[in-house]
Enquirer: 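My structure is below; once you've seen it, I'll send some questions.
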Amino acid sequence: MDCLFCRIVAGEIPARKLYEDDQVIAFNDIDPKAPVHFLVIPKKHIATLHDLGEQEDKALAGHILFTAQKLAREQGCDEGFRVVMNCNELGGQTVYHIHMHVLGKRPMSWPPG
Ligand code: AMP
Ligand code: ZN
């Protein structure tokens with residue numbers, strides 16, 4: 001298995017887990033860009049947002065978003081937070097297993113660089 005996040009799902013690489021169920025896992029980013037910075041990923045390997053299937057992955061995509069919402073609240077981000085999904089090299093993606101970044105507890109500027 002050469003996917004880093006599949007290895008985290010399999011428990012082969014440790015992660016600071018915040019949440020897990022049968023479909024998703026959330027863990028703190030190893031190189032946080034904000035006081036709160038965690039990732040929500042599907043357990044299923046999907047390389048990029050282009051590979052997310054509108055039919056077969058619709059419920060999963062919603063579940064990722066609502067997991068982010070719930071955990072952002074739990075992490076005290078009621079005042080505001082940001083979610084980001086980078087797609088492919090031009091979009092800044094470095095790990096090719098889709099993940100939703102959730103960043104909070106600092107002011108955010110727009111647009112991102
Ligand atoms: P992206 O650039 O959108 O693909 O984001 C990948 C994210 O994964 C980056 O923010 C990394 O800091 C993070 N990351 C890489 N390796 C690990 C790891 N072993 N545990 C937690 N987060 C990681
Ligand atoms: Zn994977």
Side-chain angles (χ1 to χ4, degrees):
M1 194 190 301
D2 62 359
C3 171
L4 176 66
F5 286 177
C6 281
R7 295 187 71 186
I8 287 178
V9 169
E12 294 173 13
I13 291 178
R16 290 175 57 207
K17 258 182 237 177
L18 301 174
Y19 177 78
E20 180 171 10
D21 64 25
D22 57 328
Q23 294 177 78
V24 300
I25 178 170
F27 52 89
N28 283 316
D29 197 291
I30 204 166
D31 182 19
K33 301 292 189 260
V36 169
H37 185 181
F38 61 88
L39 307 173
V40 185
I41 74 168
K43 287 191 165 177
K44 171 183 173 183
H45 180 83
I46 300 170
T48 80
L49 268 182
H50 284 308
D51 302 304
L52 193 66
E54 185 171 355
Q55 296 308 318
E56 66 270 32
D57 298 319
K58 189 172 272 191
L60 179 61
H63 188 50
I64 290 169
L65 182 62
F66 285 106
T67 301
Q69 180 204 56
K70 185 177 72 177
L71 293 175
R73 283 185 187 141
E74 281 180 20
Q75 300 272 312
C77 296
D78 297 33
E79 258 188 288
F81 62 94
R82 175 170 290 174
V83 298
V84 174
M85 293 184 84
N86 297 324
C87 181
N88 274 337
E89 195 178 345
L90 198 62
Q93 186 173 6
T94 59
V95 177
Y96 282 77
H97 178 133
I98 61 165
H99 47 281
M100 182 173 281
H101 293 260
V102 181
L103 301 111
K105 293 217 169 168
R106 71 160 168 81
M108 303 285 163
S109 59
W110 190 262

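All values below were derived from every heavy atom in this structure, side-chain atoms included, with hydrogens, water molecules and symmetry-related copies excluded. Read the numbers this way: they start at 1 and go in the same order the structure lists the ligands and their atoms.
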Enquirer: Report the angle formed at the Zn ion (ligand 2) by atom ND1 of His97 and atom SG of Cys3, rounding to the nearest 10°.
Expert: 110°
Enquirer: Mind checking whether Gln93 has an N or O less than 3.5 Å away from an N or O of ligand 1?
Expert: no
Enquirer: Please find the N/O/S atom of His45 nearest to the Zn ion (ligand 2) and write down its name.
Expert: ND1
Enquirer: Give yes or no for whether the N/O distance cutoff of 3.5 Å, strictly under, is met between Asn86 and ligand 1.
Expert: yes
Enquirer: With the threshold set at under 4.0 angstrom, would you say His99 reaches ligand 1 through any of its heavy atoms?
Expert: yes
Enquirer: Is Arg16 reaching over with its side chain to a backbone N or O of Ile30, donor-acceptor style, under 3.5 angstrom?
Expert: no
Enquirer: State the atoms of ligand 1, each with its element, that fall below the 4.0 Å cut-off from a heavy-atom position in Asp31.
Expert: 12 (O)
Enquirer: Is a side-chain donor or acceptor of Gln93 paired with a backbone partner of Val95 at a separation under 3.5 angstrom?
Expert: yes
Enquirer: Ile30 to ligand 1: N or O pair under 3.5 Å?
Expert: yes
Enquirer: Could you check whether any side-chain N or O of Asp29 sits under 3.5 Å from a backbone N or O of Asp31, counting only pairs where one atom can act as donor and the other as acceptor?
Expert: yes
Enquirer: Which ligand 1 atoms are under 4.0 Å away from a heavy-atom of Thr94?
Expert: 1 (P), 2 (O), 4 (O), 5 (O), 6 (C)
Enquirer: Which atoms from ligand 1 have a heavy atom of Asn28 less than 4.0 Å away?
Expert: 21 (C)
Enquirer: For Phe81, is the NZ or CZ atom of Lys105 found under 6.0 angstrom from the centre of its six-membered ring and inside 45 degrees of the ring axis?
Expert: no
Enquirer: Tell me, which protein residue and heavy-atom name are nearest atom 16 (N) of ligand 1, and how many Å apart are they?
Expert: Leu4 CD2, 3.3 Å
Enquirer: In the protein, which heavy atom is nearest to atom 11 (C) of ligand 1, and how far is it?
Expert: Asp29 OD1, 3.4 Å
Enquirer: Any N or O on Leu39 sitting closer than 3.5 Å to an N or O of ligand 1?
Expert: no
Enquirer: So, Arg82 side chain and Ser109 main chain: donor-acceptor pair closer than 3.5 Å or not?
Expert: yes
Enquirer: Give the ring-plane orientation class for His101 versus His37, where under 30° counts as parallel, over 60° as perpendicular and anything between as tilted.
Expert: tilted
Enquirer: Is the number of heavy atoms from other residues, nucleotides or ligands within 6.0 Å of CD (Glu12) greater than 12?
Expert: yes
Enquirer: List the steps, then state whether side-chain hydrogen bond (donor to acceptor under 3.5 Å, both in side chains) holds for Asp21 with His63.
Expert: CA-CA 11 Å; Asp21 64 25; His63 188 50; 2.6 Å; yes
Enquirer: Below 4.0 Å from ligand 1: does a non-hydrogen atom of Gly92 turn up there or not?
Expert: yes
Enquirer: Within a distance under 4.0 Å of any heavy atom of Phe5, pick out the atoms of ligand 1 and give their elements.
Expert: 8 (O)
Enquirer: Is there a nitrogen or oxygen of Ile13 sitting under 3.5 Å from a nitrogen or oxygen of ligand 1?
Expert: no
Enquirer: Please check if atom CD in Glu74 has more than 12 non-hydrogen atoms from other residues, nucleotides or ligands closer than 6.0 Å.
Expert: yes
Enquirer: Identify, by atom number and element, the atoms of ligand 1 in contact range of His101, meaning under 4.0 Å from any of its heavy atoms.
Expert: 1 (P), 3 (O), 5 (O), 7 (C), 10 (O)
Enquirer: Determine yes or no for a side-chain-to-main-chain donor-acceptor pair under 3.5 angstrom, with Asp51 supplying the side chain and Thr48 the backbone.
Expert: yes
